[in-house]
Amino acid sequence: MTSANPRPELSVIIVSYNTRELTLKAIETLYEYASDIPMEVVVWDNASSDGSSDAIAAAFPQVDLVASSDNLGFAAANNRAIERTSGEWVLLLNPDTETQEGSIQNLLAFAKAHPKAGIVGGRTVFPDGSLNIASCWNKMTVWSLFCNATGLAKVFSGSTFFNAEAIGNWKRDSVRKVDIVVGCFLLTSRSLWDELGGFREKYFMFGEETDLCMRAAKLGYSLMITPDAQIVHHVGASYGGSEERIIKVLKGRITLIRDHWSPLAQPIGIGLIKLRVTVQLLRQKLGSKGDELAKWRQVWARRNEWVEGYQ
């Protein structure tokens, strides 16, 4: 790389799929609030049908835009996009996010100050400013799956004992070690990303960042969240609460159990996930909630698909 084109400090990766207006806003706010950072931005569009690629190219010619003819999924698309970059740090940013003042700068400074964290994230809020807890989680355990399946996690949502994966009523308002930093706003060094080999591409969507974070933890890193880096996250813009989204989430969780749990624990975990779906279906039957009932019937009917996980 020549002196006229020095190595950027930060490589920002945005993978989009049919989120044209949201993606444009994500890029706009990124440049508005983080333009002082030497960075390169790669947007990988996963075969959107809403004109995303043309709109991005017209509005932001400085972006390295890849208009993929196929939907590679979140994991593979991020891997391919990062192969095009050279930054010392890698930031994964969802297309349905909005950068706020100081968010990227503070996250980068936090990562530099906590090298043993390896992977760091920030605080996410909904457009109205209310907390969106889904910037981080703790990993699944037999106990957490039991609490989710039986409803204990919902009844005692403020308890870190019963609602362990969501970390109870923690408002993401303090520095804290976590098991999982979500890929909507995830920063790591390029060296660690390469050491981990990026995402495992069998995770088409959902579960890939959990797998990445668990592999980083096995190397001795202690992942962390800082409240000083806050962004807006609209959540699930591509899939929402659809049947397909639920299927992919379940497939990801089943795959994580098979990849990271002991052979003795695996059937217990998978059984508890089946139980949770069964309970959801029964609740909808008792409540007679039309569309929701039909959705969960389809999820259950397709159980052979999600129980086998990603191969």
Side-chain angles (χ1 to χ4, degrees), residues 10-31 39-85 87 90-99 124 134-135 181-188 193 196-213 231-253 255-256 305-306 309-311:
L10 180 67
S11 300
V12 182
I13 310 301
I14 300 175
V15 174
S16 65
Y17 176 69
N18 288 331
T19 52
R20 181 180 62 187
E21 298 307 316
L22 288 170
T23 304
L24 290 171
K25 188 66 173 179
I27 301 169
E28 175 190 334
T29 55
L30 173 65
Y31 280 120
M39 68 178 178
E40 57 185 341
V41 180
V42 179
V43 177
W44 186 287
D45 186 71
N46 257 334
S48 293
S49 58
D50 65 350
S52 288
S53 295
D54 290 341
I56 293 166
F60 302 101
Q62 69 270 46
V63 164
D64 180 8
L65 172 66
V66 180
S68 176
S69 58
D70 299 308
N71 184 352
L72 304 183
F74 186 77
N78 272 288
N79 285 351
R80 297 291 88 74
I82 291 171
E83 288 172 358
R84 303 170 65 87
T85 67
V90 174
L91 174 67
L92 306 187
L93 193 65
N94 264 26
D96 57 348
T97 61
E98 295 177 26
T99 298
T124 54
S135 64
V181 175
V182 175
C184 66
F185 190 39
L186 181 155
L187 179 70
T188 188
W193 178 269
L196 292 169
F199 287 137
R200 288 203 271 201
E201 296 184 7
K202 67 178 177 181
Y203 290 89
F204 181 84
M205 187 174 186
F206 301 116
E208 65 289 308
E209 73 265 80
T210 300
D211 172 71
L212 184 84
C213 291
I231 64 168
V232 173
H233 186 201
H234 292 267
V235 182
S238 297
Y239 286 92
S242 69
E243 171 192 330
E244 290 301 324
R245 184 183 191 278
I246 294 170
I247 296 292
K248 287 181 171 59
V249 169
L250 292 171
K251 289 185 76 168
R253 287 170 77 82
T255 308
L256 288 166
E305 178 182 342
W306 49 261
Y310 289 120
Q311 303 300 313

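Index from 1, following the sequence.
- In this structure, the side chain of S68 does not engage the main chain of N46 through any donor-acceptor pair within 3.5 Å.
- In terms of modelled atom types and a separation under 3.5 Å, the side chain of T97 and the main chain of N94 share a donor-acceptor contact.
- Within the 3.5 Å criterion, the main-chain N or O of F199 finds a donor-acceptor partner in the side chain of N79.
- Considering only residues two or more places apart in sequence or on other chains, D54 meets the side chain to side chain contact (heavy atoms under 4.5 Å, CB included) condition with none of them.
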request  = Take N18 and S48 through the test side-chain contact (heavy atoms from CB on, under 4.5 Å) and record every step on the way to the result.
outcome  = CA-CA 5 Å; N18 288 331; S48 293; 3.3 Å; yes
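- A distance-only check finds no donor-acceptor pair linking the side chain of E83 to the backbone of A81 [under 3.5 Å].
- Closest approach of T99 and I231 over heavy atoms only: CA-CG2, 4.1 Å.
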inquiry  = side-chain contact (heavy atoms from CB on, under 4.5 Å), that's the test. Do L72 and R80 meet it? Break it down for me.
reply    = CA-CA 9 Å; L72 304 183; R80 297 291 88 74; 4.0 Å; yes
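- Between the S242 side chain and the R245 main chain, a donor and an acceptor come within less than 3.5 Å of each other.
- The structure places OG1 of T255 at 12.0 Å from CH2 of W306, a figure rounded to the nearest 0.5 Å.
- F60 places a side-chain heavy atom less than 4.5 Å from the side chain of E28.
- Heavy atoms only, all atoms of each residue included: K202 and Q311 are closest at CB-O, 3.4 Å.
- Residues W44 and F74 keep their aromatic ring centres 6.0 Å or farther apart.
- The CG atom of L186 lies 7.5 Å from the CD atom of E209; values are rounded to the nearest 0.5 Å.
- Looking at every heavy atom in both residues, H233 comes nearest to C184 through CE1-CB, 3.6 Å.
- A donor-acceptor distance shorter than 3.5 angstrom exists from the side chain of R20 to the backbone of D50, with no hydrogens or angles considered.
- Looking at E40, its side chain does come within 3.5 Å of a backbone N or O of G87 through a donor-acceptor pair.
- S11 and T85 get closest at one heavy-atom pair: OG-CB, 3.3 Å.
- Residues V41 and Y31 meet the side-chain proximity criterion, which asks for heavy atoms closer than 4.5 Å.
- One distance of note links NE2 of H234 with OG1 of T19; it measures 10.5 Å at 0.5 Å rounding.
- Residue K251 comes nearest to G309 through the heavy atom pair CE-O, 3.5 Å, listed as atom of the first residue, atom of the second, then distance.
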ask   = Would N78 and E208 satisfy side-chain contact (heavy atoms from CB on, under 4.5 Å), going step by step from the backbone distance to the final call?
value = CA-CA 11 Å; N78 272 288; E208 65 289 308; over 6 Å; no
query = Would E244 and K248 count as a salt bridge (charged side-chain N to carboxylate O under 4.0 Å, His left out) if you check the C-alpha gap in whole Å, the side-chain angles of each, and the deciding distance to 0.1 Å?
reply = CA-CA 6 Å; E244 290 301 324; K248 287 181 171 59; 3.8 Å; yes
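- Taken from CG in L92 to CD1 in I82, the straight-line distance is 5.0 Å, to the nearest 0.5 Å.
- Within the model, atoms CD1 of I56 and CD1 of I14 stand 8.0 Å from one another, a figure rounded to the nearest 0.5 Å.
- Between the side chain of S16 and the backbone N or O of P95, no donor-acceptor pair lies under 3.5 Å.
- Rounded to the nearest 0.5 Å, atoms CD1 (I13) and CG (L93) are 10.0 Å apart.
- Residues L212 and Y203 are not in side-chain contact: their nearest non-hydrogen atoms beyond the backbone lie 4.5 Å or more apart.
- Of all non-hydrogen atoms in S52 and D45, the two that sit nearest each other are CB-OD1, 3.5 Å.
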